Amino acid sequence: MAKSKFQALRGMRDIMSPDAERQRALVDAFAHLAGLSGYGHIMSPIVEDLGVFLRVGESTDVVTKEMYDFEDKDGTRIAMRPELTASVVRAFVQHNPPSLPWKVWYEGPQFRHERPQAGRYRQFSQVGIEVLGSDDPAVDVEVIALGWRFYQALGMNEVTLLLNSLGDDTCRPQYFDALETYFRDRASELSEKSQETLEKNPLRVLDSKRAEDQAIIADAPLMVDFLTDETAEHFAAVRSGLESLGIPYEISPRLVRGLDYYTRTTFEFASTALENAQNAVGGGGRYDGLAESLGGKPTPGIGFALGVDRILLACDAEGVFPAPDLTPDVFVLDVTGTEAATVIADELRMAGISVERAYDGRNMRSQMKVANRVEAPWAVIIGETELAEGNVTLRDMHGDSGQTLVSRDELVATLSTKVAN
RNA sequence: GUGGCUGUAGCUCAGGUAGGUAGAGCACCGCGUUGUGGUCGCGGCGGUCGCGGGUUCAAAUCCCGUCAGCCACCCCA
C-alpha cells in the first residue's frame, strides 16, 4: 500500500468504475421494473429525527446499538437512516397523499455501525418499494413478485423465497405469550445470548444460529398455529397468488425479521450462491401498525428492501449481470499538435458516438497502444497531410478492412453508420 | 460487541518458521518503427514490507500496541 494519510472509514468504501456503473445499471433495472408496476420514485433525506427510528425497533440491535445518531447544532437528536421503511412511512404521514394505495420505490445508502464483513458494510445500499393504504393480498403478491422478477431480470437463478406470516394485533400477542412461556420454561437450556434476547423479544430467539439453541427452537410453538381465521385467509390468498404466478416459495414458519414493526406477511430472499452468513439478499413484509405509530391514521403497509451490495456479490457467485461495457466507439489520435482532435472528438460525441482520445502530445505509437488497450473498434487518425487536405484517416481496429481516407465533412455520418452496426 | 486468520510495488503473491538492510509475474513508461496497436526483444519507473513502539550492532522477519480486511458468533440487506 502506498502511504496515504487517510483512508475510508471502517466499513465504508469507494465504489469505482466499472463497479459503480454496474451498481447504477442495477438501480436502472430496478427503476424500470418498479415503473412498469406503477411505483413512483421517492428520494427521502439521509438523516431523520431520531424518533422516526426509535418507534420502529426498540428491541433490535439495528436501532439500539448500531445507529449513527448524534446531536445537531441546534440540539436536535438526529440519526443517519439505518433503513428506509421508517423514512418512507414518515413521508407518507407527513404528506398524506390523497389517493391510495400510495406506491413508491427508492434507492440509496443506509448506515449501520456493525462489524464489517464481506457483504456487510457500515454504509450500504438498498433498493426497495413500499405500498401504503391497502391490505389486499394482491398487493402482497405484487410486492413479492416484483422482488422475485427483479432477481430474475438480473439473471439470478439461485434465489430462494422464504415466506411466513407473523400474525396481527389480535393473534400475535397470544403467540408471543405462548412462545415466551415455552422459552422461559427452558431458559436454562438456552445459550446465554438467547436468554438475553428472550428478555427483549422472544420472537427473535427463533433467529439464533447457535447450536445449543437449535433443539429447543425446533420444538417451539409456531405462529401458523395461532393465526386468526382472517389472518390465515390472507396468508392463504398470498400463497395462492404466488402460485398462480409460478413463483416458488418455501414456508419458513420460524422466519422472523430484524425490525419490530412487521405483521402478517413476511418474507426473505436468500441466495444459495452465497456461502457465508450474509446470504440474505433481500427481505420485507407487512407493517400495518407503523403509520399509526408515527402519528398517522391507521394505514396498512407492505414493502421490501434488497441489498445492492449483496445482490452484486451473489451475481458474481452466479456469474451473471456483469459490469456494463465501457468500450468507446472511437479513439481519436492526433500527431499534428493542433486543436483538430479536440474539435473532432467533440463533433463525434455530440453525434452520440462515444469517443476516447490521447492527450499530452504523445507519439503515434503510444497513441495507438492506448487505442488498442481501450479496445475501440475504430480509430480516427489526424495527421499533417490529411488535415491539410481536409481529410482524416479512419482505421478499422478489429477487422481487416484496413484504413481509408475520409473527408472531415463526412466523418460523423460515416462513423454513425459504422457504429450503429 | 466476542473470538480467530491476514496486511510486502497499481494488482496477484514469494521472502518471514536459521533476524543482515526487498523480489517475481501482470500492469505502467520508453526503445527497436522521426505517422500506425495487438506478438516479440531490450531497458526503465514503482515499496520508509498497514501504522506506532520495543528487543538487537542489525527487524519485512521476533515482541507489544494500534488500524484495516476477511471468517465464525452476533446482527441483518
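Proteins get letters first, then strands, A, B, ... in listed order; numbering begins at 1 in each. In this text the structure is predicted, and so the values were computed from the model without any measurement.
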Considering only heavy atoms from C-beta outward, does the side chain of A/P109 approach that of A/R81 to under 4.5 Å?
-> yes
Strand partner of B/A24, provided both Watson-Crick or wobble distances fall under 3.5 Å | B/U12
CG (A/D316) with more than 12 external heavy atoms under 6.0 Å | yes
Is there a donor and acceptor pair, one atom on the side chain of A/E386 and one on the base of B/G35, closer than 3.5 Å?
-> yes
Syn or anti conformation of B/A18, syn meaning chi within 90° of 0 = syn
In Watson-Crick or G-U wobble terms, with both distances under 3.5 Å, the base opposite B/C73 is B/G1
Carboxylate-amine/guanidinium contact A/D309 A/R13, below 4.0 Å = yes
Check: protein-nucleotides 28-34 of chain B nitrogen or oxygen pairs below 3.5 Å:
from  : atom 1 : to     : atom 2 : distance (Å)
B/C28 : OP1    : A/R373 : NE     : 2.7
B/C29 : OP1    : A/R362 : NH2    : 3.2
B/C29 : OP1    : A/R373 : NH2    : 3.2
B/C29 : OP2    : A/R373 : NH2    : 3.1
B/C29 : O3'    : A/R362 : NH1    : 3.4
B/G30 : OP1    : A/R362 : NH1    : 2.9
B/G30 : OP1    : A/S366 : OG     : 3.3
B/G30 : OP2    : A/R362 : NH1    : 3.2
B/C31 : OP2    : A/N363 : ND2    : 3.4
B/C31 : N4     : A/R365 : NH1    : 3.3
B/G32 : N7     : A/R365 : NH1    : 3.3
B/G32 : N7     : A/R365 : NH2    : 3.3
B/G32 : O6     : A/R365 : NH2    : 2.4

Is any side-chain N or O of A/Q403 under 3.5 Å from a base N or O of B/U36, one able to act as donor and the other as acceptor?
-> yes
Taking atom CD of A/E192 as the centre, report whether more than 12 heavy atoms of other residues, nucleotides or ligands fall under 6.0 Å from it.
-> no
When you check the gap from the basic side-chain N to the acidic O, do A/D288 and A/R286 get nearer than 4.0 Å?
-> yes
In the structure shown, which nucleotide is the Watson-Crick or G-U wobble counterpart of B/A68, with both distances under 3.5 Å?
-> B/U6
How does protein reach along nucleotides 69-75 of chain B, written 5' to 3' as B (base within reach of a heavy atom under 4.0 Å), S (only sugar-phosphate), or - (no contact)?
-> SSBSBBB
Applied to residues 28-47 of chain A, the side chain to side chain donor-acceptor pair (under 3.5 Å) test, sequence neighbours excluded, yields A/Y39-A/E142
Across all strands, who's sitting opposite B/G43 as a Watson-Crick or G-U wobble pair, both distances under 3.5 Å?
-> B/C29
Flag the pair A/F70 / A/Y68 as yes when their ring centroid distance falls below 6.0 Å, and as no otherwise.
-> no
Hey, does A/G283 reach any base, or is it just sugar-phosphate, or nothing, if we go heavy atoms under 4.0 Å?
-> sugar-phosphate
Protein-nucleotide distance (A/D396, atom CG; B/U36, atom P), rounded to Å | 18 Å
Measure the distance from CG on A/L161 to P on B/A77 and round it to the nearest whole Å.
-> 15 Å
Assign A/I381 to base, sugar-phosphate, or nothing according to its heavy-atom contacts below 4.0 angstrom with the strands shown.
-> base
So, does A/Q110 use its side chain to make a donor-acceptor pair with the main chain of A/G108 at under 3.5 Å?
-> yes
Verdict with supporting geometry, A/S87 and A/E48, side chain to side chain donor-acceptor pair (under 3.5 Å) | CA-CA 7 Å; A/S87 292; A/E48 295 274 357; 3.2 Å; yes
Side-chain donor-acceptor distances from residues 180-189 of chain A under 3.5 Å, at least two apart:
from   : atom 1 : to     : atom 2 : distance (Å)
A/E180 : OE2    : A/R184 : NH2    : 2.9
A/T181 : OG1    : A/D177 : O      : 2.8
A/Y182 : OH     : A/I216 : O      : 2.7
A/R184 : NH1    : A/E199 : OE2    : 3.1
A/R186 : NH1    : A/Y182 : O      : 2.9

Taking only residues two or more places apart in sequence, or in another chain, which ones meet A/E71 in a side-chain hydrogen bond (donor to acceptor under 3.5 Å, both in side chains)?
-> none
In residues 322-334 of chain A, what residues come within less than 4.0 Å of RNA chain B, judged by heavy atoms?
-> none
Gap between atoms CE and P, on A/M397 and B/G37 respectively (whole Å) | 9 Å
